[in-house]
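Only one structure is covered here, and it is reproduced in the block below.
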Protein chains: 2
Amino acid sequence: MHQEDVLFVRGTVVSSKIAKRGIEVIPSMIEVVSRAETPLPLDPRGVQNTLLETRLNWRVLDFRSEESNAIFKIQSKILQSFREFFSQRHYVEIQPPVIIASASEGGAELFSLKYFEKEAYLAQSPQLYKQMCAISFEKVYCVLPVFRAEKFEQPTHLNEVRQMDIEESFATDADVMKVLEEYLAYSVKIVRDECGELLKLLGQELDPVSLPLERIAYSKAVEMLRKNGEEIEHGMDFSKTQEKKLTGLVGKKAFFMVDWPMELKAFYAMPNTDGKTCRAFDLIYDGIEVSSGTQRIHIPSLLIERLKSKGLNPDNFRSYVDAFRYGAPYHAGWSIGLERLTMKMTGRENIREATMFPRDRTRLTP
Amino acid sequence: MHQEDVLFVRGTVVSSKIAKRGIEVIPSMIEVVSRAETPLPLDPRGVQNTLLETRLNWRVLDFRSEESNAIFKIQSKILQSFREFFSQRHYVEIQPPVIIASASEGGAELFSLKYFEKEAYLAQSPQLYKQMCAISFEKVYCVLPVFRAEKFEQPTHLNEVRQMDIEESFATDADVMKVLEEYLAYSVKIVRDECGELLKLLGQELDPVSLPLERIAYSKAVEMLRKNGEEIEHGMDFSKTQEKKLTGLVGKKAFFMVDWPMELKAFYAMPNTDGKTCRAFDLIYDGIEVSSGTQRIHIPSLLIERLKSKGLNPDNFRSYVDAFRYGAPYHAGWSIGLERLTMKMTGRENIREATMFPRDRTRLTP
């Protein structure tokens with residue numbers, strides 16, 4: 001018999017001092033279900049020494065490596081913890097569409113497709129839909145794939161990712177930040193409690209998250225970086241390197257960045273009374289942004305004003321704006337990138353390691 | 001104040017004999033959070049008298065109707081019951097991609113899109129991916145949107161739907177049918193137990209499912225229909241009307257149809273020893289197919305033979321076939337259409353009523 005042959009074994013389980021898992025099976029019957037061809041294109045026992053490209057090409061064998069197996073079992077647990085946390089709190093799971101008629105954020109590039117006689121797009125975010133649901137169901141959550149047609153070059157970006165989203169009525173940015181940090185702490189606790197063996201296999205020490213997290217104003221973060229030799233002006237976004245550096249300066253594994261300048265966030269972010277910043281926040285975890293959110297604008301006239309000041313045409317957002325004309329509570333929400341959170345919780349360097357079937361500019365298979 | 005105005009009320013809750021829900025709030029403070037414009041394009045209190053088209057155009061108001069609210073809270077519960085059922089049984093949740101490089105089943109029409117320099121497609125099924133995962137993780141499940149570019153005209157079909165899928169190694173068609181009927185019974189029980197009030201609102205009597213379900217061979221079903229005046233030949237698929245009629249003849253709300261002719265099922269269905277039928281099954285629930293599945297072919301040479309006999313080119317399925325060369329246990333799986341199951345469990349006639357944001361040939365908004 002060879003490695004990766006599939007066997008059906010009937011026998012007696014006995015304890016063993018030599019076997020790695022502490023047990024052995026003394027077989028009374030062995031049936032070969034399927035023989036593996038030789039040589040294997042990838043040896044699941046030696047993936048550490050294999051190029052990531054080869055591992056992704058032979059995902060079916062790579063999944064059998066202790067490493068990948070552990071990563072995706074932890075990812076499964078993260079998802080489970082997300083849904084449990086929010087369904088226990090009576091959030092309703094919603095089903096936003098993937099195919100949409102127009103750009104929901106007016107910003108990043110969209111994949112387009114021919115939809116019968118029309119042009120359609122793949123949603124880059126469930127933004128409008130979760131707001132529509134929240135103003136009627138009050139508290140909602142969803143997990144769904146989203147798409148960005150950008151030519152990313154970083155190890156932290158993909159063109160198809162999964163997002164875990166919530167949206168909540170009668171809630172401010174402060175309210176949903178509290179929910180977010182509570183979920184992060186819960187999720188880390190669940191993975192620590194239930195995936196201890198898997199984390200050990202990955203050589204990953206996962207520290208518990210203590211609450212409340214620090215809230216650091218955008219302007220203070222810019223100051224801190226400037227004092228430490230970074231070239232950043234007020235009004236500029238942070239680079240990945242700067243996010244990492246900031247984490248060192250703050251001295252915390254997880255913290256919030258709040259009070260962002262309006263020009264750096266989407267048109268639907270609720271302005272602060274200073275007229276310059278808005279009720280937007282990013283959650284930085286282990287040196288990288290894993291989640292961002294805002295309190296939304298629920299007042300149609302203000303939405304139209306903000307659309308115009310971003311150079312967008314309100315006519316293209318009519319159904320979005322109209323949704324708030326017939327009774328809309330104030331509301332807020334956020335989304336977490338599943339693969340990014342998995343990458344960080346499992347201690348990986350490349351988001352592809354934490355994505356079962358990654359899609360980037362050059363990779364469409366398997 | 002007008003209907004749909006949003007209020008923030010502080011006050012004392014007292015019991016009331018007049019109020020519909022048995023309680024009243026005696027307010028000490030009332031704040032108007034948001035005023036609704038008048039007239040409303042749709043009155044959530046009177047949706048029974050409103051065209052479905054209008055309701056779908058104004059989903060944000062329709063969601064506030066008792067009816068839609070109940071339907072989607074039940075849908076949320078169905079999903080939750082699915083994930084609970086399978087995660088408790090140690091199935092791993094997987095994340096198949098939406099954007100794929102080629103047709104996974106070689107059959108129904110696909111939506112295509114420009115993916116940077118390449119042509120890509122929206123997955124019509126996670127078939128290949130769940131098989132790849134099952135032969136390495138053993139037992140897997142997923143919920144994800146799937147797409148078919150067919151010009152459907154029926155009230156039971158949409159172009160974007162959500163599927164609940166499982167795939168399991170060391171399992172035959174009989175094994176996963178048992179899991180399927182157990183899940184159906186569990187799901188109905190959970191909805192009955194936890195959504196009793198909502199079902200009542202919808203005027204829906206939901207009967208418990210008693211197991212085991214009857215298994216009726218395809219050939220017997222054809223015979224039964226022919227005896228009762230239907231024009232159907234062996235080798236023909238059942239129409240929606242025939243599925244309904246058959247349900248009356250069988251006299252059961254739920255049953256399986258098994259042993260389908262190979263020509264009616266996909267190339268990857270494991271043939272029976274008779275050389276004519278295959279290990280495929282449909283689950284009929286309340287007169288309509290809500291789920292179908294098969295034991296899959298795990299033997300590369302047989303897969304190639306079946307591809308050829310379906311007129312498909314094995315070269316286009318190389319990575320699929322190759323996945324089974326390096327150790328593949330026998331395996332089986334199925335998928336349930338979420339919207340269809342919701343439609344039936346909530347007693348609706350049109351799948352659009354059970355889909356938050358339906359997508360059909362003419363509808364892409366909201």
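In what follows, chains carry the letters A, B, and so on, assigned in the order in which the sequence lines appear, proteins first and then strands, with residues in each chain numbered from 1.
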Measure [X] against the heavy atoms of chain B and call it side chain, backbone, both or neither at under 4.5 Å.
X	answer
A/Glu339	neither
A/Leu7	backbone
A/Pro44	neither
A/Glu119	backbone
A/Gln75	side chain
A/Ser319	neither
A/Lys77	neither
A/Pro97	both
A/Arg363	backbone
A/Arg35	backbone
A/Asp322	both

One should read off an interatomic distance between B/Arg162 CZ and B/Thr342 OG1, to the nearest 0.5 angstrom, of 10.5 Å

Do the two ring centres, one from A/Phe137 and one from A/His90, sit under 6.0 Å apart?
no

For the rings on A/Phe63 and A/Phe357, is their centre-to-centre separation under 6.0 Å?
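Yes, ring centres under 6.0 Å apart.
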
Short side-chain to backbone donor-acceptor contact, B/Asp165 and B/Pro126, under 3.5 Å
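Judged by distance alone, no pair lies under 3.5 Å.
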
Could you tell me whether the side chain of B/Ser136 and the main chain of B/Cys133 form a donor-acceptor pair under 3.5 Å?
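Side chain of B/Ser136 to backbone of B/Cys133: no pair is present.
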
Mind checking whether A/Phe317 and A/Tyr320 have parallel, tilted or perpendicular rings, split at 30° and 60°?
perpendicular

Under 4.5 Å from any heavy atom of chain A, what part of B/His2 do you find: side chain, backbone, both or neither?
neither

Examine whether an atom of B/Glu37 lies under 4.5 Å from a heavy atom of chain A, and if so say whether it belongs to the side chain, the backbone or both; otherwise answer neither.
both

Pick from [options] with the largest number of heavy-atom pairs that fall under 4.5 Å of chain A:
options	value
B/Phe324, B/Phe147, B/Tyr115	B/Tyr115
B/Glu4, B/Glu160, B/Glu84, B/Gln3	B/Glu160
B/Leu122, B/Ile99, B/Ile299, B/Leu338	B/Ile99
B/His298, B/Glu117, B/Lys114	B/Glu117
B/Leu144, B/Thr365, B/Ile135	B/Ile135

Salt bridge B/Arg296-B/Glu167, side-chain N to carboxylate O under 4.0 Å
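Here B/Arg296 pairs with B/Glu167 in a salt bridge, since their nearest N and O are under 4.0 Å apart.
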
If you apply the rule side chain to side chain donor-acceptor pair (under 3.5 Å), what do you find for B/His331 with B/Gln295, and how did you get there?
CA-CA 6 Å; B/His331 57 287; B/Gln295 180 171 334; over 6 Å; no

Are B/Phe111 and B/Tyr121 packed together at the side-chain level, in the sense that at least one heavy-atom pair is separated by less than 4.5 angstrom?
no

Is B/Phe116 atom CZ crowded by more than 12 heavy atoms from other residues, nucleotides or ligands, each under 6.0 Å away?
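Yes, the 6.0 Å shell around CZ holds more than 12 heavy atoms from other groups.
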
Examine B/Arg83 relative to B/Phe85 and say whether NZ or CZ is less than 6.0 Å from the centre of the six-membered ring and inside a 45° cone about the ring axis.
no

